[in-house]
Amino acid sequence: MKASLPLLLFACYYVFIVSVHGENQAERLLSLLKLKATHRIKWKESTMNVRQDDDNDTVYLSRQNGLKNADKITRLPGQPNPVNFDQYAGYVTVSPRNERALFYYFVEASKNSSGLKNKPLVLWLNGGPGCSSLGTGAMSELGPFFVKRDGKTLYENAHAWNKIANILFLESPAGVGFSYSNTTTDYAKSGDRRTARDSYTFLINWLERFPEYKNRDFFIAGESYAGHYIPQLANLILKNNRNKSHTTIKLKGIAIGNAYVETGNNVKGIYEYYWSRSLISNETYNLIKSTCNFDVNEDSIDCEKDMNLADDEHGIIDYYNIYAPVCSDSDSRNFMHNGLGADPCSANYIKSYLNLPEVQKALHANNAKLSYQWVGCSDWNDSPESILPDIKKAIKSKLRVWLYSGDVDSVVPVTATQYSLKALGLPIKKKWTPWYHKGQVGGYYVGYNGLTFATVRGSGHMVPRDQPERALELFRAFLENKYPSGVSNV
């Protein structure tokens, strides 16, 4: 029998601990889930030292005078003209000793939008773990430009999120995209703790570079493995805000799409979702239920065998959107023109574009002359089993907390998120309700005490890409602290 994709990815992951460059977000997260579901104890032991070695709480802060103007982008190659917003890109050093620097791309809100001076600042983080927010978030989901099939030309995203907010895309940790370290051992230490600390250090230095945003309302949004990044970073910000020697960041809320927040419920939710969408047989699903206990830390050969059987049964599909086609050059040529949604081969065009020398020059990227090409994902190490305690902590701190799910994603399916919501044990204050956009059901939502959960109908893992209009409407409701239906959430 031919080995299934998740099994092959699992094998690569276990040997190299995510050291293979070039995996996309879906493959990266699936390989992590498969590893942790069947080898949790080994994972914990192998990452323990990494977490212990990264306990230094010192925050680096440097002068940023003049760097904002140097980071301004005059024009991106292949960019449509004219544009009504300013854009910036460059590096922020987060560790001078290790010469570790993170790359960012920042698009200000459209100048013709109302209340421009009061538009919030939003940090967008993609998942992976260890995948690029520039290549995925900015250039295929919610940024102002997408890359055409020729890999050289850009076109406008009609539903870009900078129409209503200032959006900051960060490639984190070092080793992701253009972000780098001149201390090679740093790459082996990339993980949750390092990412949170470096992202915080990035933010307080970036705000020195762009001081006009210090008093803006600040939000963090993202998807996938950002279900780990975002709550951890949010709590670190709140903790450091109590230190008067640090810049106070006006964090108001967090929103995470198809959020990976815990291992057991996520893997259980995946196979339940496969079965509920008729991707696997009743027999195989019943085998998994009988041999797998995703709530305990133990290896099970029978469970692993049955999961692999399920992976063989569902065939070669787009895990991020089970009803979308997989990438095929022959099919992608007329994909968008036929109204079939997002081009499944867009990652190839983006990689080609970001490796063009003239593009890197315009972005002020790759100044260190990296020995490797820009790639979407990098190495990874420490990863807690559950991030629910961090979410509870954020809720207790009175942050606005949203989780949302595209309902045709199988990587972090809505079934998995529902299990995690149940584990949080929050009282319901607004019952399950449909929300509408342009006269059609856009999805459903439920309001809990301290948290809003919404679904987006017809969307996969990457909601802004699959359902751009509905995603923008949902994002607007989040910023305005309203339910997606427009009802106040105060």
Can you list the residues that meet the side chain to side chain contact (heavy atoms under 4.5 Å, CB included) rule with Pro120, with sequence neighbours excluded? Ala165, Asp217, Phe219, Leu479

Among side-chain atoms of [X] and [Y], is any donor-acceptor pair under 3.5 angstrom?
| X | Y | answer |
| --- | --- | --- |
| Ser420 | Gln418 | no |
| Asp71 | Tyr91 | no |
| Asn126 | Glu171 | no |
| Asp192 | Tyr225 | yes |

Under 3.5 Å donor-acceptor, Gln360 side chain and Leu354 backbone: yes

Any chance the rings of [X] and [Y] have centres within less than 6.0 Å?
| X | Y | result |
| --- | --- | --- |
| Phe106 | Trp206 | yes |
| Trp435 | Tyr445 | no |
| Phe146 | Tyr349 | no |

Answer yes when Glu208 and Lys214 have at least one side-chain N-carboxylate O distance shorter than 4.0 Å, and no when they do not.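 Salt bridge between Glu208 and Lys214, a charged N being under 4.0 Å from a carboxylate O: yes.
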
Pick one: which of Lys438, Arg476, Lys163 meets salt bridge (charged side-chain N to carboxylate O under 4.0 Å, His left out) with Glu469?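 Running salt bridge (charged side-chain N to carboxylate O under 4.0 Å, His left out) over Lys438, Arg476, Lys163 with Glu469 returns exactly one hit, Lys438.
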
Going by the angle between their ring planes, with limits at 30° and 60°, are [X] and [Y] parallel, tilted or perpendicular?
| X | Y | value |
| --- | --- | --- |
| Tyr260 | His228 | parallel |
| Phe478 | Trp402 | perpendicular |
| Tyr88 | Phe210 | perpendicular |

I would like to know whether Gln87 and Gln79 meet side-chain hydrogen bond (donor to acceptor under 3.5 Å, both in side chains); could you show each step before the answer? CA-CA 12 Å; Gln87 51 185 336; Gln79 173 186 307; 2.8 Å; yes

Ile391 pairs by side chain to side chain contact (heavy atoms under 4.5 Å, CB included) with which of Ile230, Leu421, Ile254, Leu424?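 Per the side chain to side chain contact (heavy atoms under 4.5 Å, CB included) rule, the option paired with Ile391 is Leu424, out of Ile230, Leu421, Ile254, Leu424.
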
How about CG on Asp86, more than 12 heavy atoms from neighbouring residues, nucleotides or ligands closer than 6.0 Å, or not? yes

